[in-house]
Novice: 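I have a structure here, written as structure tokens, and I will follow up with some questions on it.
Below, read A as the first sequence line, B as the second, and so on, with proteins coming before strands; counting in each chain starts at 1. Computed from heavy atoms alone, side chains included, the values below leave out hydrogens, waters and symmetry copies.
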Amino acid sequence: MQYWLLKSEPSVYSIAQLAALPGQTDSWDGVRNYQARNLLRDQMRCGDQAFFYHSNTKIPGIVGIVQVVREGYPDATAFNPQSPSYDPKSHADAPRWYSVDVHLLRQLRRTITLAELKAHADKLADFPLLRRGNRLSVLPVTAEQWHFILALE
DNA sequence: GCCAACGTTGGC
DNA sequence: GCCAACGTTGGC
């Protein structure tokens, strides 16, 4: 099993929205970066777990844990002209963008903030989220990083 | 709102 | 294929 971190701006899609769904399961869609797309399409497996990270908000940080319940499939929002993520260059017979489905395992008892993660830069030296200029919205997390971060909770 | 960092686009 | 211009991300 592998571990990941999934970023979302809470003003666009928050963990509360996922938690409010009947099955607490939803598609993770709208990713429009090729490197992140490749991870969604090729690397993420059913059973993998991921941190749900709130970005571009007052207190950015990790707010919950989700599990992959459906592996990469074409992102339907790319085909939908009504969607803000619509991409006319993505076609059903040659999809450009991919989604996975995630199920909420639990919300954290408190947010593990970005500031707090940075304070542990010694332990998290290779954590991609802390790398300069990082903008990827899907990031791999090592088992060691995963357990260290969860222990902060 | 600012701005650094980075990805994408498109002319050549 | 190069690279300048532009758009986006995302912390602060």
Novice: Could you grab the distance from atom CD1 of I149(A) to atom CD of E144(A), nearest 0.5 Å is fine?
Specialist: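 Answer rounded to 0.5 Å: 10.5 Å.
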
Novice: Tell me: CZ of R131(A) to C1' of dT9(C), nearest whole Å?
Specialist: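 Computing the R131(A):CZ to dT9(C):C1' distance gives 17 Å.
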
Novice: Taking the inter-plane angle between the rings of H120(A) and F148(A) on a 0 to 90° scale, is it parallel (under 30°), tilted (30 to 60°) or perpendicular (over 60°)?
Specialist: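 Because their plane-to-plane angle is over 60°, the rings of H120(A) and F148(A) count as perpendicular.
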
Novice: Given atom CG of N134(A) and atom P of dC12(C), what is their separation to the nearest angstrom?
Specialist: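 Between P of dC12(C) and CG of N134(A): 12 Å.
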
Novice: Specify the separation, in whole Å, of atom CG of N38(A) and atom C1' of dG7(B).
Specialist: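 Checked: the CG to C1' distance equals 14 Å.
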
Novice: Give the rounded distance in Å between these two atoms: OH of Y34(A) and P of dT8(B).
Specialist: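 Rounding to the nearest Å, OH of Y34(A) and P of dT8(B) are 7 Å apart.
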
Novice: Do Q24(A) and H103(A) make a side-chain contact, defined as non-hydrogen atoms from C-beta onward lying under 4.5 Å apart?
Specialist: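 Side-chain contact under 4.5 Å: yes.
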
Novice: Hey, which sits more toward the 5' end of DNA chain B by its nearest nucleotide, N33(A) or N56(A)?
Specialist: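 Closer to the 5' end of DNA chain B: N56(A).
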
Novice: Please state how far atom CZ in R37(A) lies from atom C1' in dT8(B), giving the value in whole angstrom units.
Specialist: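 For the pair R37(A) CZ and dT8(B) C1', the rounded distance is 14 Å.
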
Novice: Would you say K7(A) places a side-chain N or O within less than 4.0 Å of OP1 or OP2 belonging to dT9(C)?
Specialist: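 No, because none of the side-chain N or O atoms of K7(A) sits under 4.0 Å from OP1 or OP2 of dT9(C).
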
Novice: May I ask you to say what R32(A) touches in the nucleic acid, namely base, sugar-phosphate or nothing, with a heavy-atom cut-off under 4.0 Å?
Specialist: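 Counting heavy atoms under 4.0 Å across all strands, no contact is made by R32(A).
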
Novice: Fit a plane to each ring of W97(A) and Y34(A), take the angle between them on a 0 to 90° scale, and name the class: parallel (under 30°), tilted (30 to 60°) or perpendicular (over 60°).
Specialist: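 Because their plane-to-plane angle lies in the 30° to 60° range, the rings of W97(A) and Y34(A) count as tilted.
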
Novice: What is the distance, to the nearest angstrom, from the CG atom on L130(A) to the C1' atom on dG10(C)?
Specialist: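 Checked: the CG to C1' distance equals 14 Å.
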
Novice: Which whole-number value in Å describes the distance from L114(A) CG to dG10(C) P?
Specialist: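 That distance rounds to 11 Å.
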
Novice: Looking only at side-chain atoms of R132(A), point me to the closest of dC12(C), dA5(B), dG10(C).
Specialist: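 Side chain of R132(A) sits closest to dA5(B).
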
Novice: Counting only side-chain heavy atoms from C-beta out, which of dG11(C), dG7(B), dG10(C) sits nearest to E9(A)?
Specialist: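 Closest nucleotide among those given: dG10(C).
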
Novice: Does the side chain of P140(A) come within less than 4.5 Å of Q2(A)'s, by heavy atoms?
Specialist: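 No, too far: nothing below the 4.5 Å cut-off.
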
Novice: What nucleotide among dG7(C), dG11(C), dT8(B) has an atom nearest to a side-chain atom of R135(A)?
Specialist: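 Looking only at side-chain atoms, R135(A) lies closest to dG7(C).
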
Novice: Find the distance K89(A):NZ to dT8(B):C1' and express it as a whole number of Å.
Specialist: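 Rounded to whole Å, this separation is 9 Å.
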
